[in-house]
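Order of listing sets the numbers, starting from 1, for every ligand and every atom in it.
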Amino acid sequence: MDLDAVTKQSVLHAKPDGLILQYGTAGFRTKAEHLDHVMFRMGLLAVLRSKQTKSAIGVMVTASHNPEEDNGVKLVDPLGEMLAASWEEHATCLANAEEEHLPRVLVDISEKAAVDLHQDAFVVIGRDTRPSSEKLSQSVIDGVTVLGGQFHDYGLLTTPQLHYMVFCRNSKGQYGKATVEGYYQKLSSAFVELTKQAFCSGDDRRTLRVDCANGIGALKLAEMRHYFSQGLSVQLFNDGTKGKLNHLCGADFVKSHQKPPQGIEMRANERCCSFDGDADRIVYYYHDADGQFHLIDGDKIATLISSFLKELLLEIGDGLSLGVVQTAYANGSSTRYLEEVMKVPVYCTKTGVKHLHHKAQEFDIGVYFEANGHGTVLFSKAAETKIKQLAKESEDEKRKAAKMLESIIDLFNQTIGDAISDMLVIEAILALKGLTVQQWDALYTDLPNRQLKVKVADRQGISTTDAERQVVRPPGLQEAINALVKKYRLSRAFVRPSGTEDIVRVYAEADSQENTDSLAYEVSLAVFQLAGGIGERPQRGF
Ligand code: 16G
Ligand code: MG
């Protein structure tokens with residue numbers, strides 16, 4: 001390591017005095033103007049991680065659904081997964097080191113993680129469409145090159161595409177070709193193969209309206225749609241030509257406000273979907289003839305997909321296990337439906353993709369979705385081998401089901417939730433099953449739910465257990481929540497410190513919207529009183 005060169009370069013990417021940032025649930029995220037040094041240093045860190053794992057490492061410059069003025073960065077591990085937890089700590093140390101300590105921290109990390117400094121390093125870089133992203137990704141490149149790493153800058157990519165590229169490179173092409181073209185072809189041919197029966201009878205092209213959050217999803221979907229246009233026609237809204245990124249649109253807006261985005265033309269009973277700013281989340285929705293809005297979130301997406309997979313698994317009858325992974329935010333009705341009607345095992349993990357992803361890896365087929373629309377399906381190597389074998393050898397009906405599963409394996413992005421890939425899976429299932437969006441929506445009825453935020457002096461003063469469903473600290477808070485929950489029917493509530501904002505989140509559900517709102521308000525008040533609330537007291541009424 002040429003530490004002198006690092007020191008010299010680092011001065012050009014100086015850390016603002018006193019700025020402390022944390023590698024959180026989804027990497028570093030804050031105002032773009034505070035991130036130059038972080039980007040440079042994440043370039044350095046990616047080189048060390050690459051040397052240690054002897055694999056390509058990804059660096060994605062994006063702040064997902066945050067406002068356009070923000071930015072962020074996350075590192076992608078060799079199999080296309082989120083960075084390992086022990087390296088999150090290294091990332092935080094490195095990002096917060098004062099200039100003069102930088103060389104020592106680099107040496108420390110290399111020693112602690114037993115990095116072989118003689119190894120080659122390779123880093124792949126992608127970025128979203130934010131105005132700040134290009135310059136920030138140049139800072140990543142400066143960090144990579146000063147430590148002698150090689151790199152490939154893909155330029156504009158969705159987050160899931162970058163994860164895909166990393167995995168392709170490290171699987172030596174077995175997962176697919178590490179190009180944007182390779183990604184389009186892999187997904188599109190799986191989609192066309194899967195849906196060929198559904199569309200073979202005449203021109204049954206279906207139209208889907210897509211709100212692209214004025215982000216990268218618009219560019220990529222516009223490039224890709226020609227590849228699958230024989231099966232699906234997508235109409236793009238909020239494509240970035242007029243509006244601001246994530247402003248009054250996108251999956252996060254639609255899910256949290258439970259209303260349609262601006263800038264989309266909806267027609268009664270026709271399905272629409274929204275991506276978030278880096279296209280790793282998707283939610284569907286429609287309005288009915290009375291103009292009432294219906295949201296179809298990650299829970300209902302998981303249910304549609306799981307029921308389809310379960311049918312195919314019954315056909316092939318090979319005892320492959322299917323599990324669904326959710327978080328505490330999953331609507332109680334969805335959990336009940338999955339467990340009681342569909343009879344599939346459901347597991348709950350902490351919020352954050354990496355937790356769900358790891359749990360889902362325990363099954364032959366692991367379906368995971370957060371209610372906010374982030375999710376995918378993972379197939380174990382053994383399941384994949386079995387399915388491929390059945391697709392070749394078994395007799396008719398079994399073979400047909402196995403072939404479908406084979407296409408589905410290719411259609412899902414196996415590295416991370418991917419709005420484009422999920423959209424194609426959903427469209428394929430709806431077409432194959434002949435389901436309308438209303439029929440899908442009618443699988444179960446969501447319990448009314450409400451999310452609120454409470455400001456406290458120190459949100460780390462709240463700690464939780466049982467996949468964030470129970471508070472351990474401060475004392476008395478869980479007891480207070482229990483007493484409040486008891487007052488209502490079908491009720492549930494929990495609180496957790498946010499991993500992305502300086503607030504505590506409150507979630508409540510109950511049998512009616514009125515009761516839910518009361519419960520949410522009362523729990524917020526308990527948090528405010530028992531966990532050191534600051535600023536305005538929570539108010540009743542929304
Ligand atoms: C991040 C997570 C997302 C989670 C959200 C929770 C990733 C890639 N993203 O966006 O999964 O739902 O944080 O935010 O892990 P919160 O902690 O502020 O509620
Ligand atoms: Mg995102």
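- Of all protein heavy atoms, the one lying nearest to atom 7 (C) of ligand 1 is Val353 CG2, 3.4 Å.
- Among Asp502, Ile503, Thr500, the residue whose heavy atom sits closest to atom 1 (C) of ligand 1 is Thr500.
- Residue Arg281 approaches ligand 1 through these ligand atoms, each under 4.0 Å from one of its heavy atoms: 10 (O).
- Taking the six-membered ring where tryptophan is involved, the planes of Phe293 and Tyr285 are tilted, since the angle between them lies from 30° to 60°.
- Remark: Ile301 CD1 to Arg281 CZ distance equals 11.5 Å, nearest 0.5 Å.
- Looking at residues two or more places apart in sequence or on another chain, you find a side-chain hydrogen bond (donor to acceptor under 3.5 Å, both in side chains) between Gln138 and Asp142.
- Panel note: side chain Ser421, backbone Asn413; a donor-acceptor pair is recorded below 3.5 Å.
- For the Mg ion (ligand 2), protein N/O/S neighbours under 2.8 Å (waters excluded) are Ser64 OG, Asp276 OD2, Asp278 OD1, Asp280 OD1.
- With respect to the salt-bridge test (charged N to carboxylate O, under 4.0 angstrom), the residues Lys244 and Glu69 qualify.
- Between Tyr347 and Phe363, the ring centre distance stays below 6.0 Å.
- Remark: Glu88 engages Lys354 in a salt bridge, criterion side-chain N to carboxylate O under 4.0 Å.
- At least one heavy atom of Arg496 sits closer than 4.0 Å to an atom of ligand 1.
- Scanning the protein heavy atoms around atom 6 (C) of ligand 1, the nearest turns out to be Thr351 CG2, 3.6 Å.
- At the shortest separation from atom 9 (N) of ligand 1 among protein heavy atoms lies Ala26 CB, 3.8 Å.
- A heavy-atom separation below 4.0 Å is found between Arg505 and ligand 1.
- Polar contact check, Gly499 against ligand 1: a nitrogen or oxygen pair lies under 3.5 Å apart.
- Screening Ser64, Ser137, Ser132 for a side-chain hydrogen bond (donor to acceptor under 3.5 Å, both in side chains) with Asn71, the sole residue that qualifies is Ser132.
- Aromatic rings from Phe228 and Tyr184 are positioned such that their centres are separated by 6.0 Å or more.
- Not a single heavy atom of Glu468 sits closer than 4.0 Å to an atom of ligand 1.
- When all heavy atoms of Gly417 and His374 are compared, the closest pair comes out as N-NE2, 3.1 Å.
- Within the set Gln451, Glu501, Glu370, the minimum heavy-atom distance to atom 11 (O) of ligand 1 is found for Glu370.
- Cation-pi geometry between Lys300 and Tyr337 is not satisfied (NZ or CZ under 6.0 Å from the ring centre, within 45° of the ring normal).
- For the pair Arg130 (side chain) and Asp70 (backbone), a donor-acceptor distance under 3.5 Å is present.
- In Asn372, the part holding a heavy atom less than 4.0 Å from any atom of ligand 1 is the side chain.
- Residue contacts with ligand 1, taken as heavy atom pairs separated by less than 4.0 Å, involve Met82 solely via side-chain atoms from C-beta onward.
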